[in-house]
Amino acid sequence: MSTEANDREHAAYDFAHVQEKWLPVWDRIEPFKSGRPDDKRPKKYVLDMFPYPSGDLHMGHAEAYALGDVISRYWVQKGFNVLHPIGWDAFGLPAENAAIKRNEDPRIWTYENIATQKASMRRFACSFDWDRVFNTCDPEYYRWNQWLFLQLYKRGLAYRKDSAVNWCPGCQTVLANEQVVAGLCERCDSAVTKKKLNQWYFKITDYADRLLDDMAQLEGKWPEKVLMMQRNWIGRSMGANVKFAIDGLPEPVTIYTTRPDTLYGATFFVVAADSELAAKLAAGTEVEKEFNEYLEKIKAASDIDRLATDRPKTGVFLGRYAINPVNGEKLPIWASDYVLADYGTGAIMAVPAHDQRDLDFARAMKLPVRVVVETGEEDPNETGIATGGDGVLVNSEALNGLKKEEAITKIIAQLEKDGLGKASRNYRLRDWLVSRQRYWGTPIPIVHCEKCGEVPVEEKDLPLQLPLAEGLDLKPKGTSPLGAATDWVNVACPKCSGPAKRDTDTMDTFVDSSWYFLRYPSSTNHDEPFSRKDIDTWLPVDQYVGGVTHAILHLLYSRFFTKVLNDMGMLDFNEPFTRLLNQGMVLMDGSAMSKSRGNLVRLSDELAHHGVDAIRLSMVFSGPPEDDVDWADVSPSGSVKFLSRAWRLSGDVTSAPGVDFKKGDVSLRKATHKALHDAAFAVESFRFNVAVARVMELVNATRKAIDSGCGAADPAVREATEAIAIMLSLVAPFTAEEMWERLGHAPAVALAGWPEVDPALLVADAVEAVIQINGKIKERIEVSPTITDAEIEALALAHPTIVAELAGSTPKKVIARAPKLVNIVA
RNA sequence: GCGGGAGUGGUGAAAUGGCAGACACGCAGGUCUUAGGAACCUGUGUCUUCGGACGUGCGGGUUCAAGUCCCGCCUCCCGCACCA
């Protein structure tokens, strides 16, 4: 062999060259095109959460897409027709803020970034089906947002109301409850305040029970954490509504309580200070001035102030009394901000002995405390600690002697009989506020006519296009910038043709992402958002991959939309995502990467230094996918080393393609088949790091076989190396493709198919069994894997070491677990 | 406060109740080399009187056998946060 050829043979693996070489080939072959008409393979829908186009891809994207790719490519190798689409969640504030800064249309920034990200994804070898791409800011997409809005409107699920809403002074727009995190705007971290506004809502609360109960289907398939967060977010509680007569009011006031058993312990009554009821009760009385002052004070407080739970209780006595329906007692009525206006009825009965908040208030205002449940704990009067647990009812007439649950059942029955109350449930979940006072979103397809009121835009007139930004002032000022587009705003009423104005708000961008997964299979359909045929072919999503940041917002809204569409007869399933995997975050030196913290690692730099495959491999191998990866702990150069070791094997194989593997070295063949079996199992159980470890073991075994075993010409070496290329194609597609070519095959290795595992080769020749005495290992013996319990027990007892250890004494008990272990209890 | 999750070598991590530390990183030594930031090989939990002993946050328990199951703590992370 010439020196030159020798050099080429042993040249270091050149990842940059290999990347450039294969990308155009894959563009031509399109290995991941799904849904070809003649495709007979069973379907699988693998979905990555679509990105927001804010600049180029970062390390977090790299991890998420590497993981989604392992799953998607695995199912392709396993013979499935896999739909693995991508698109862009392209409406939203960052584009608008960038547009203001650059004084140009948000479209420019958005579409530029999409192009950048798309190019990066291609280079990153994402196995996407590029034929189905769409962006939510395309009129062809958002017209269906508008269409869906109209369907919800028709069904009474989209409505307007006046309400005190979350207001972000930074973004100058309203926010959904779900977008307020610890009292701060999730986007800009401004302290959120309240503002009274008339806004559009989706009636997600109608679906609260189904959103909760259908989670039974997701048990074991979604992370337990996400299910728990959703349950808590929906926050269903069981209790009773009870009517209290109010002196001086013709109508009784209803309260909600989860503890109707403690009715006899009520010593006062509280209404939310910011409720209409409070204002009504205070109106025209001598405390009105004091009440108004109090109301002003609490309105000025932001959510963040309200969050301090140990804040002293405050309130105003309204000078009126409520009548306890069970014993006729007069309870003083207070207004306080510790009662929420928008939960239950905004009014409560206070039972200080058994509710900590009520007790805190009672102690602050010197109100009486009466114990009605004997729990065995110390008197709340003395300790200041309310006793909320179970116990025996006292001071409660007919309920005396009953336990909590019995008393609840009995009192509810009594209240229902007397027409004073009834069993009831409440939810923490509120309706979804969808209006936004910003430009870069889907226009709400409603026209406001002086004569006809609210009039929906006709479906045939969709899409209602967003006017161009030119000439509009996009700076946030509390009202939608669309209001200034007078040509656009002023229209003829669709009903009476009289002068009317368009609704100038845009939709929350979470509307866009609530149904996008339904659009991919029909992404070029111009007549409907999605076709029934496509839905029946592809949906529901078999595997969803994305960050846990969307545990509530996006996933809850998507589940809601799915149920609405199910009710509309457009789908026949009621949960959109069968399985969910939440990948962890990529950290640097223990914390999230950020420019200001100075620990930002640029994906493009990492790719340039180590190559795409090594970065993908490092992400996947670093640990379990749901754990965070600290980039300081991973070794991309270790990945490069491993990939080049694997790659070198493909140059060492000397047998021809198609050689009969059955004639190969049995021990290497066993290693190969075990690796194929174990790696498949690991991938299916999301232990991708373990799957990689199994491939590494096989690489080591093959290296050894070539250097000091059966030799490079043995068919088993080819079998092993081909298996390595196929398994590696999930994680390191460039290296795998290059290996595949060097092994004499045509591309694409991604479609080679997962080799069938021969069960006969999964049985080891001999296994090591341990012999324990009292659980301590005393000896190791080689046994056949098919040995019986009796045989292995006999071998163990006859072993010289054991005989000596036992010194003639008879074992009390012998446990044999062939072929692994014998434990002798002496 | 309520709810959830997690604590295993120097590091990232493995382990259907059955040999704790697979696979790597790092480190140390070696082979081959003009050279090594290449390749390959060996070693690497702790202690040790070299026989072994100990070892999965702490304390109990169940079991022939516990990182794994149960009970009680401690610590950390995440979510919710006056939801009556």
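Order of the sequence lines fixes the chain letters, A, B, ..., with proteins taken first and strands second; residue numbering starts at 1 for each chain.
As judged by a 4.0 angstrom heavy-atom cut-off over every strand, A:Arg425 is placed among residues making no nucleic acid contact. Note on A:Phe621: a base of the nucleic acid sits closer than 4.0 angstrom, heavy atoms only. Residue A:Glu768 is in base contact, counting any heavy-atom pair closer than 4.0 Å across all strands shown. In this structure, A:Val634 reaches neither bases nor backbone, as no heavy-atom distance under 4.0 Å exists between it and the strands shown. At the heavy-atom level, A:Ile348 lies under 4.0 Å from base atoms of the strands shown. Using a 4.0 Å heavy-atom distance criterion, A:Asn700 is classed as a sugar-phosphate-only contact. Residue contacts shown for A:Arg687 are limited to sugar-phosphate atoms, with no base heavy atom under 4.0 Å away.
Rounded to a whole Å, the CD atom of A:Glu805 is 12 Å from the C1' atom of B:G51. Computed from coordinates, the A:Tyr338 OH to B:A81 P distance equals 20 Å when rounded to whole Å. Between the CG atom of A:Asn823 and the C1' atom of B:G17 there is a distance of 13 Å, rounded to whole Å. If you take CZ of A:Phe361 and P of B:A84, they are 18 Å apart, rounded to a whole angstrom.
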Polar atom pairs (N or O), protein with nucleotides 3-10 of chain B, under 3.5 Å:
none

Show each protein N/O and nucleotides 67-71 of chain B N/O combination with a separation under 3.5 Å, one pair to a line.
none

Give me, pair by pair, the N or O atoms of the protein and of nucleotides 38-40 of chain B that are less than 3.5 Å apart, along with how far apart they are.
from: B:A39; atom 1: O3'; to: A:Arg648; atom 2: NH2; distance (Å): 3.1
from: B:C40; atom 1: OP1; to: A:Arg645; atom 2: NH1; distance (Å): 2.3
from: B:C40; atom 1: OP1; to: A:Arg648; atom 2: NH2; distance (Å): 3.2

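The number of heavy atoms from other shown groups lying within 6.0 Å of NE2 (A:His799) is above 12. A 6.0 Å sphere centred on NZ of A:Lys674 holds no more than 12 heavy atoms belonging to other residues, nucleotides or ligands.
The salt bridge (Lys or Arg N to Asp or Glu O under 4.0 Å) search around A:Asp707 returns A:Arg703, not counting sequence neighbours. Considering only residues two or more places apart in sequence or on other chains, A:Pro368 meets the side-chain contact (heavy atoms from CB on, under 4.5 Å) condition with A:Thr267. Every residue two or more places apart in sequence or in another chain that forms a side-chain contact (heavy atoms from CB on, under 4.5 Å) with A:Val601 is listed here: A:Met59, A:Met588, A:Met593, A:Glu606, A:Trp631. Here A:Asp209 pairs with A:Arg236, A:Arg425 under the salt bridge (Lys or Arg N to Asp or Glu O under 4.0 Å) rule; sequence neighbours left out.
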Open item on the list: Determine whether A:Asp789 and A:Arg817 satisfy the following criterion, salt bridge (charged side-chain N to carboxylate O under 4.0 Å, His left out), listing intermediate values before the conclusion.
Closed with: CA-CA 6 Å; A:Asp789 284 352; A:Arg817 288 285 180 275; 5.0 Å; no
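By the 30° and 60° cut-offs, the orientation of the rings of A:Tyr557 relative to A:Trp432 is parallel.
Glycosidic conformation of B:G51 is syn; the angle stays within 90° of 0. In this structure B:G9 sits in the syn conformation; its chi angle is within 90° of 0.
Listed by first then second residue, pairs satisfying salt bridge (Lys or Arg N to Asp or Glu O under 4.0 Å) with a partner in residues 220-232 of chain A read A:Glu219-A:Arg231, A:Glu224-A:Arg231, not counting sequence neighbours.
On the P atoms, B:G43 is 23 Å away from B:G37, given to the nearest whole Å. The same atom, C1', is picked in B:C74 and in B:G57; the two are 7 Å apart, to the nearest Å. For the C1' atoms, the distance linking B:A6 with B:A84 amounts to 33 Å, nearest Å. Nucleotides B:G45 and B:G10 are separated by 10 Å at their P atoms, to the nearest Å. As rounded to the nearest Å, B:U46 and B:G72 have P atoms that lie 36 Å from one another. A gap of 9 Å separates the C1' atoms of B:U56 and B:G21, to the nearest Å. B:G12 and B:C58: their C1' atoms are spaced 25 Å apart (whole Å). A distance of about 10 Å separates the C1' atoms of B:C47 and B:G55, rounded to the whole Å.
In terms of heavy atoms, A:Trp222 sits closest to A:Gln230 at CZ3-NE2, 4.1 Å. Between A:Pro785 and A:Val763, the closest heavy-atom pair is CG-CG1, 3.8 Å.
Stem list for RNA chain B (at least 3 consecutive Watson-Crick or G-U pairs, distances under 3.5 Å): B:1-7 with B:74-80, B:10-12 with B:23-25, B:26-31 with B:39-44, B:45-47 with B:52-54, B:57-61 with B:69-73.
Using a 4.0 Å cut-off, some side-chain N or O of A:Asn689 falls inside it from OP1 or OP2 of B:A14. Between A:Ser637 and B:G37 there is no side-chain N or O to OP1 or OP2 distance below 4.0 Å.
Side chains of A:Thr383 and A:Glu378: no donor on one and acceptor on the other come within 3.5 Å. Of the N and O atoms on the side chains of A:Asp613 and A:Thr735, at least one donor lies less than 3.5 Å from an acceptor on the other residue. Using a 3.5 Å distance cut-off with no hydrogens or angles, the side chains of A:Ser424 and A:Tyr256 do not pair a donor with an acceptor. A:Ser237 and A:Asn426 share no side-chain donor-acceptor pair at under 3.5 Å. Under the 3.5 Å distance criterion, with hydrogens and angles disregarded, no donor-acceptor pair is assigned to the side chains of A:Arg259 and A:Thr257. Using a 3.5 Å distance cut-off with no hydrogens or angles, the side chains of A:Thr262 and A:His354 do not pair a donor with an acceptor.
The 5' end of RNA chain B is approached more closely, in terms of each residue's nearest nucleotide, by A:Ala769 than by the other of A:Ala769 and A:Arg430. Between A:Met696 and A:Met229, the one whose closest nucleotide on RNA chain B sits nearer the 5' end is A:Met696.
A:Lys313 forms a cation-pi arrangement with A:Tyr338, by the criterion of a distance under 6.0 Å to the ring centre and an angle within 45° of the ring axis.
Considering only the side chain of A:Trp233, B:A81 comes nearest among B:A81, B:G18, B:A84. Checking B:C64, B:G18, B:A84 against every side-chain atom of A:Leu340, the shortest atom distance belongs to B:A84. Relative to the side chain of A:Ser635, the nucleotides B:C54, B:A84, B:C25 differ in distance, and B:C25 lies closest.
A ring-centre distance under 6.0 Å is not found for A:Tyr343 and A:Tyr427.
Contacts between residues 778-789 of chain A and RNA chain B, defined by a heavy-atom separation below 4.0 Å, involve A:Arg780, listed by number. Taking a 4.0 Å limit (strictly below) on heavy-atom distances, residues 810-819 of chain A reaches RNA chain B at A:Lys813, A:Ile815, A:Arg817.
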Considering only distance and modelled atom types, tabulate donor-acceptor pairs under 3.5 Å from the side chains of residues 690-697 of chain A, sequence neighbours left out.
from: A:Arg694; atom 1: NE; to: A:Glu697; atom 2: OE1; distance (Å): 2.9
from: A:Arg694; atom 1: NH2; to: A:Glu697; atom 2: OE2; distance (Å): 3.3

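Between A:Leu359 and A:Val351, the closest side-chain pair of non-hydrogen atoms is not below 4.5 Å.
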